[in-house]
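Below is one structure, written out as structure tokens; comments come after it.
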Amino acid sequence: MFAWPIRSLHVGSWLLLATLMATNGRAEDFRIESRVFAGKEPKPVSENTTLFHIGIVYDFIPDKSIAVFDKPRGRFLLLDRQRKIKAEVTVEQLQTFCDRLQKMAAADNNAFVRFVAEPLFDV
């Protein structure tokens, strides 16, 4: 199994990719350019470009990494451009991992962790 360093990933990108994975609709051709600023700093701490083309999502972080969500083939491709490393994770592998993680959290001794695994709200 490939361990991807969290510090090199763009959290917003993963949220976007996970959201697209969960939906059944197809995104047609367009692009999103994002810049993240910290406090009042004039220079962004992170920049990325996300491209949507015929059902495939490409997320580029300049000079660092590329993440590709290939829904038609049911996979994520992760490319670390600096270290020249490539990883492929199938949607099935990711779902299995998430299911296992949820079961572990549901059995945890910490009440907050159990709540996160299976949130129940009073209305």
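To the nearest 0.5 Å, the span separating CG on Leu79 from NZ on Lys86 amounts to 7.0 Å. Rounding to the nearest 0.5 angstrom, the gap separating the CD atom in Glu47 from the CZ atom in Arg35 is 6.0 Å. In this structure, OG in Ser34 is found 4.5 Å from CG in Asn48, a value given to the nearest 0.5 Å. Between the CZ atom of Phe69 and the CG atom of Leu78 there is a distance of 12.0 Å, given to the nearest 0.5 Å.
With Thr96 contributing its side chain and Glu92 its backbone, the two residues share a donor-acceptor pair below 3.5 Å.
Judged as a side chain to side chain contact (heavy atoms under 4.5 Å, CB included), and not counting sequence neighbours, the contacts of Pro119 are Phe115, Phe121. In this structure Arg114 satisfies the salt bridge (Lys or Arg N to Asp or Glu O under 4.0 Å) test with no other residue, sequence neighbours excluded. Residues meeting the side-chain hydrogen bond (donor to acceptor under 3.5 Å, both in side chains) test with Thr90, sequence neighbours left out: Gln93. Under the rule for a side chain to side chain contact (heavy atoms under 4.5 Å, CB included), the partners of Arg31 that lie at least two apart in sequence or sit in another chain are Glu33, Thr49, Leu51. With sequence neighbours left out, the side chain to side chain contact (heavy atoms under 4.5 Å, CB included) criterion links Glu41 to no other residue. Under the side chain to side chain contact (heavy atoms under 4.5 Å, CB included) criterion, Asp99 pairs with Gln95, not counting sequence neighbours. Partners of Asp108 according to the salt bridge (Lys or Arg N to Asp or Glu O under 4.0 Å) rule, which considers only residues two or more places apart in sequence or in another chain, do not exist here.
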Open item on the list: I'd like to know whether Arg81 forms a side chain to side chain contact (heavy atoms under 4.5 Å, CB included) with Lys64, so could you lay out the CA-CA distance, the side-chain angles of the two residues, the decisive distance to 0.1 Å, and finally the verdict.
Closed with: CA-CA 5 Å; Arg81 295 173 56 193; Lys64 292 184 181 177; over 6 Å; no
TODO: Decide side chain to side chain contact (heavy atoms under 4.5 Å, CB included) for Arg73 and Ile56; before the verdict, give the C-alpha distance in whole Å, the side-chain angles of both, and the deciding distance to 0.1 Å.
DONE: CA-CA 9 Å; Arg73 291 177 187 83; Ile56 301 175; 4.2 Å; yes
- [ ] Go through the steps to decide whether Thr50 and Asp59 satisfy the test side chain to side chain donor-acceptor pair (under 3.5 Å), and finish with yes or no.
- [x] CA-CA 4 Å; Thr50 306; Asp59 192 60; 2.4 Å; yes
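For the residue pair Ala117 and Ala105, the shortest heavy atom distance occurs at CB-CB, 3.5 Å. Residues Tyr58 and His53 approach most closely at CE1-CB, 4.3 Å, considering heavy atoms.
Hydrophobic clustering (side-chain heavy atoms under 4.5 Å, transitive across Ile, Leu, Val, Met, Phe, Trp, Tyr) groups Ile32 together with Val57.
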